2 protein chains.
Amino acid sequence: MGFTDKKLLSVLKKHGYKLTPQRRAVLKVLSSSQEHLTPADIFEKVQPEYPGIGLVTIYRLLQILTEFGLICEIHANDNSRRYLIRRQPEHHHHLICSSCGTVVDFTDCDLSGLGKRLSRETGFEIETHLLEFVGLCRSCQKEAT
Amino acid sequence: MGFTDKKLLSVLKKHGYKLTPQRRAVLKVLSSSQEHLTPADIFEKVQPEYPGIGLVTIYRLLQILTEFGLICEIHANDNSRRYLIRRQPEHHHHLICSSCGTVVDFTDCDLSGLGKRLSRETGFEIETHLLEFVGLCRSCQKEAT
DNA sequence: CACCTAAATGATAATTATTTTCAATTACAA
DNA sequence: TTGTAATTGAAAATAATTATCATTTAGGTG
Ligand SMILES: [Mn+2]
Ligand SMILES: [Mn+2]
Ligand SMILES: [Zn+2]
Ligand SMILES: [Zn+2]
């Protein structure tokens, strides 16, 4: 699975960030969720634990986590904008249901060959890649009958 | 190269859309540009040809072109949001410079094998995929010396 | 060539997501 | 316990995109 909130807290601490109750609450939500959540989703889920938390605080923590590569961003989902959240330690990509939005992680993408060829042909020094598959999950296929 | 404005106009006409001077001006810009432009970019470039055009009109035309698969969208470029524009007829993907934003098209991505496997393993019926490489273009590498 | 009408336009306001500002609070090192 | 820099959250600012709606117009019809 992903990281425990303890581990995430230790990352923050190691880099000199303070461990506030707000941050603890957000990390607890993130580490115990199996889903990819939007900032607004997180905001709601944190309410019981820390009512009155500011949405900004969530944005700020997400930014920090992103710096350390602890966040996934979902791009495809046309209409809804920049999506995010929750990780799996390893490099991975997403398979997204265009109907219900369900996201499935997958870890193997062998793109090194393609990357090298592009690098050779274009002179680019490739840093990363973004790969997403979009389709219909099983249950949405049934509904579409 | 891409489509001529004549060709694009004929697509619109075939589907019952009216050929207004605004649309002609926008299509002229799109078909004669080698770059991937944002709606705001297009807005500026259309000014000489049709001053006073509304930005909305551009959004609306882009939407129509998207329906017919005549538009590229750029996702990666973290900070700047949903990017778009200008195509190459064939299915293709993008190589994006993280420093200056230059976008290079490339047409071969053999992902059918991976797609099939994911489909088998997850039950998804895959519709499309999104693939982008991000790195430093040659000239930005030099500057980074 | 008029004339008619549905489609298109653009000014304006509304939405939505994210960021900035800033005064008040607080974590935590000393 | 104390001092201080980091953090927080209310509120306003940015920004991108979309909705409303009165006015204009492309293009088919007679
Ligand atoms: Mn993920
Ligand atoms: Mn392209
Ligand atoms: Zn689904
Ligand atoms: Zn560059």
Side-chain angles (χ1 to χ4, degrees), chain A residues 5-6 8-29 36-44 46-47 49-68 71 73-85 101, chain B residues 5-6 8-29 36-44 46-47 49-68 71 73-85 101:
Chain A
D5 53 346
K6 309 230 168 190
L8 294 170
L9 283 166
S10 79
V11 172
L12 288 193
K13 183 177 247 176
K14 183 179 10 166
H15 289 273
Y17 290 102
K18 291 182 177 174
L19 306 185
T20 65
Q22 290 94 330
R23 284 174 175 172
R24 289 172 194 278
V26 172
L27 292 179
K28 197 161 149 195
V29 164
H36 294 74
L37 308 168
T38 64
D41 289 338
I42 298 165
F43 181 70
E44 277 190 29
V46 175
Q47 289 306 321
E49 185 80 18
Y50 198 103
I53 192 175
L55 182 53
V56 232
T57 298
I58 291 164
Y59 274 102
R60 284 190 282 232
L61 181 53
L62 288 176
Q63 191 158 259
I64 293 170
L65 296 178
T66 298
E67 275 178 36
F68 300 123
I71 290 290
E73 297 201 13
I74 311 292
H75 291 77
N77 214 336
D78 316 306
N79 47 342
S80 53
R81 307 112 202 317
R82 194 179 172 200
Y83 252 44
L84 23 157
I85 285 311
Chain B
D5 53 346
K6 308 232 170 191
L8 294 170
L9 283 167
S10 78
V11 172
L12 288 193
K13 183 177 246 175
K14 184 181 5 171
H15 289 274
Y17 290 103
K18 291 183 179 176
L19 306 186
T20 66
Q22 290 95 330
R23 284 175 176 173
R24 287 173 195 278
V26 173
L27 292 179
K28 198 161 148 193
V29 165
H36 294 75
L37 308 167
T38 63
D41 290 336
I42 299 167
F43 182 69
E44 278 189 30
V46 175
Q47 290 304 321
E49 185 80 20
Y50 198 103
I53 192 175
L55 183 54
V56 232
T57 299
I58 291 164
Y59 273 103
R60 284 190 281 233
L61 181 53
L62 289 175
Q63 189 158 261
I64 293 169
L65 295 177
T66 299
E67 276 178 36
F68 300 123
I71 291 289
E73 296 199 15
I74 311 293
H75 291 76
N77 214 337
D78 317 307
N79 48 343
S80 52
R81 308 118 200 313
R82 193 180 170 200
Y83 253 43
L84 19 157
I85 285 314

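Since the structure is predicted, the reported quantities are computational estimates derived from the model, not experimental observations. Each chain gets a letter, A, B and so on, in the order its sequence line appears, and its residues count up from 1.
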Closest approach of [X] and [Y], non-hydrogen atoms and distance?
X      : Y      : answer
V46(A) : A25(A) : CG1-CB, 3.9 Å
Y50(A) : P21(A) : CE1-CB, 3.8 Å
I53(A) : F43(A) : O-CE1, 3.1 Å
L62(A) : P39(A) : CD1-CG, 3.9 Å

Legend entry - Which residue lies more 5' along DNA chain D, comparing L55(B) with Y50(A) via nearest heavy atoms: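 Residue closer to the 5' terminus by nearest nucleotide: Y50(A).
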Inset, instruction - Could you say whether K18(A) or P21(B) is positioned toward the 5' end of DNA chain D, judged by the nucleotide with the nearest heavy atom to each? - result: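 Between the two, 5'-proximity favours K18(A).
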Roughly how many Å is it from [atom1] in [X] to [atom2] in [N], rounded to a whole number?
X      : N       : atom1 : atom2 : result
Q47(B) : dG10(C) : CD    : C1'   : 13 Å
L19(B) : dA6(C)  : CG    : P     : 19 Å
R24(A) : dT26(C) : CZ    : P     : 15 Å
L61(B) : dA7(C)  : CG    : P     : 17 Å
F43(A) : dT16(C) : CZ    : C1'   : 15 Å
L27(B) : dA8(C)  : CG    : P     : 13 Å
L12(A) : dT8(D)  : CG    : P     : 10 Å
Q63(B) : dT17(D) : CD    : P     : 12 Å

Inset, instruction - Would you classify R23(A) as touching base, sugar-phosphate or nothing, given that sugar-phosphate means primed atoms plus P, OP1 and OP2, and contacts are heavy atoms under 4.0 Å? - result: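 Sugar-phosphate contact only - R23(A) comes under 4.0 Å of backbone atoms but never of a base.
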Inset, instruction - Would you mind classifying the nucleic acid contact of G52(A) as base, sugar-phosphate or nothing, using non-hydrogen atoms under 4.0 angstrom? - result: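 G52(A): backbone/sugar contact only, no base atoms under 4.0 Å.
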Among [options], which nucleotide has an atom closest to any side-chain atom of [X]?
X      : options                   : answer
Y17(A) : dG9(D), dT7(D), dA11(C)   : dT7(D)
Y59(B) : dA10(D), dT18(D), dT17(D) : dT17(D)
R60(A) : dG9(D), dT17(D), dA8(C)   : dG9(D)

Legend entry - Short side-chain N/O contact to dA26(D) OP1/OP2 from Q22(B), under 4.0 Å: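 No, outside the criterion.
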Legend entry - side-chain N/O T20(A) vs dT8(D) OP1/OP2, d < 4.0 Å: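 The answer is yes; a side-chain N or O of T20(A) sits under 4.0 Å from OP1 or OP2.
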Inset, instruction - Mark yes or no for whether R23(A), through its side chain, and K18(A), through its backbone, hold a donor-acceptor pair below 3.5 Å. - result: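 Checked: pair present.
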